[in-house]
Structure formats: C-alpha cells, structure tokens
Amino acid sequence: MAQHQHLILIAEDDRDIRDLLTVTLESAGFATVAAKDGNTAARILRVARPAGLITDVRMPALNGMELAQIARRDPAIRDTAILMISSNAHAHDIDAGLGAGADRYLPKPISPPRVVAELRDLLESRSPSGPQPRS
C-alpha cells in the first residue's frame, strides 16, 4: 500500500539544522518546505496547510511559541501536528511550549531518528482511521 506523503513545514533559523531536518524527513518519505523565520513560516502555514510543523523556539520575527499559537487559533490549520525543538530544555520551557500549542517538545541537539519517530506518531494519532501499521 502506498503511503500518503505528508507535507511538513520546518521553521528553523539555523541553516545547518534546517538542512539536516529537510534531508532526514525527505529520506523518511515526507515532503518538506522550510522557512528561516517565523513570519515566513506563518505565511506558509496558512497557504500550504501542512500536516506537520517542526519549529524552533527562538527565531527572528515570530518565535516558535507565537507560531504554535497562530496555528492553534486558526480553524483551517489548528489540527496541524506541532513538534517544537529548542536548546531551552528546562521544565518551565517545555511547559511553555506545550502550553503554546506544541504537541511535543524535543531538546536540542536533536536526534534525527527521534524526530521522525515523534512526527510519525503524531501524524498517525491524527489519522481518521487511527494508528496505521508501520511498513
């Protein structure tokens, strides 16, 4: 059975991390679009309506917290799976990210296999038919 290729928006101002996430996700079968700042990411969110958003917390213009809040307030994109990543990994940072609308919060440095696993889990949990068997 062919797997639907989910579009994932990567909002990350660090080019190396953005490139790593792009290569990792595309190798795992996802389609990606990337933004280097929050304003660009917000525009892409509204137009492309990706299945998932991976966002850094600290970015120019809008930060990841604000981006998550925008997604959660907009009925057209409120069901987007949001994975927040940050070097801020204290309990209060994680609570703030989840409170802003992130589904999951991963500390940097990121583990590419874990990002893929977390994203797949989030997307499967949003599937109308529930979790699908992994192929």
Side-chain angles (χ1 to χ4, degrees):
M1 175 189 293
Q3 183 177 356
H4 180 265
Q5 191 175 37
H6 292 288
L7 177 63
I8 307 301
L9 169 58
I10 301 164
E12 169 63 65
D13 61 322
D14 183 304
R15 181 180 176 176
D16 291 337
I17 295 173
R18 196 171 57 242
D19 290 348
L20 172 65
L21 287 169
T22 298
V23 169
T24 297
L25 294 174
E26 289 178 356
S27 295
F30 294 100
T32 65
V33 61
K36 63 181 179 179
D37 63 70
N39 283 338
T40 303
R43 284 193 302 276
I44 293 170
L45 258 176
R46 290 181 179 116
V47 173
R49 297 182 182 180
L53 165 65
I54 298 176
T55 183
D56 186 14
V57 172
R58 289 184 284 177
M59 290 186 296
L62 293 172
N63 65 42
M65 302 279 186
E66 295 164 323
L67 195 56
Q69 291 169 344
I70 287 168
R72 293 301 182 231
R73 286 192 304 255
D74 186 332
I77 53 177
R78 82 167 37 126
D79 292 331
T80 301
I82 301 176
L83 182 59
M84 196 169 282
I85 58 175
S86 179
S87 55
N88 302 330
H90 298 289
H92 65 273
D93 297 314
I94 296 168
D95 290 344
L98 297 173
D103 296 296
R104 307 270 169 85
Y105 190 107
L106 296 179
K108 289 181 180 177
I110 59 170
S111 159
R114 182 160 181 214
V115 169
V116 170
E118 295 283 353
L119 192 55
R120 281 189 175 140
D121 185 55
L122 285 171
L123 293 171
E124 287 174 0
S125 70
R126 284 171 163 67
S127 171
S129 59
Q132 303 297 311
R134 294 182 191 237
S135 47

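From a predicted model like this one, the values you see are computed outputs, not experimental measurements.
- If you chain together hydrophobic residues whose side chains sit under 4.5 Å apart, I110 and L83 fall into the same group.
- Ion pair K108/E12 flagged as a salt bridge, since at least one NZ, NE, NH1 or NH2 atom sits closer than 4.0 Å to an Asp/Glu carboxylate oxygen.
- Scanning both residues, G101 and I82, for their nearest heavy atoms gives O-CD1, 3.9 Å.
- Residues V33 and P50 form no side-chain contact, since every pair of their non-hydrogen atoms from C-beta on lies 4.5 Å or further apart.
- A continuous path of ILVMFWY side-chain contacts below 4.5 Å connects I77 to L67, so both sit in one hydrophobic cluster.
- By the 4.5 Å heavy-atom criterion applied to side chains, S27 and V23 are counted as neighbours.
- Applying the side chain to side chain donor-acceptor pair (under 3.5 Å) rule to pairs touching residues 63-72 yields R72-D103, sequence neighbours excluded.
- R114 has a carboxylate O that lies under 4.0 Å from a charged side-chain N of E118, or vice versa, which qualifies the two as a salt bridge.
- We find that R15 and D19 are joined by a salt bridge, their nearest charged nitrogen and carboxylate oxygen being less than 4.0 Å apart.
- Using modelled atom types, one side-chain atom of D93 and one backbone atom of H90 make a donor-acceptor pair closer than 3.5 Å.
- Under the 4.5 Å side-chain heavy-atom criterion for Ile, Leu, Val, Met, Phe, Trp and Tyr, L62 and I54 are members of distinct hydrophobic clusters.
- Residues L106 and F30 are members of one and the same hydrophobic cluster, defined by side-chain heavy-atom contacts under 4.5 angstrom among Ile, Leu, Val, Met, Phe, Trp and Tyr.
- Nearest heavy-atom pair across T55 and G64 is OG1-CA, 3.5 Å.
- Within the 3.5 Å criterion, the main-chain N or O of M59 finds no donor-acceptor partner in the side chain of D56.
- Considering every non-hydrogen atom in both A102 and A68, the closest pair reads N-CB, 4.3 Å.
- Members clustered with M65: V57, M84, I94, L98, Y105, by chain and number, using a 4.5 Å side-chain heavy-atom cutoff among hydrophobic residues.
- Taking a cutoff of 4.0 Å between a charged side-chain nitrogen and a carboxylate oxygen, D13 and R58 do not qualify as a salt bridge.
- Rounding to the nearest 0.5 angstrom, the gap separating the CG atom in L7 from the CD1 atom in I44 is 9.0 Å.
- Of the listed residues (I85, L53, T32, T24), just one forms a side chain to side chain contact (heavy atoms under 4.5 Å, CB included) with I10, and that residue is T32.
- For the pair A35 and R18, the tightest heavy-atom approach, listed with the atom from each and the gap, is O-CD, 3.8 Å.
- When side chains are defined from C-beta on, R49 does not count as touching T80, because their heavy atoms never get closer than 4.5 Å.
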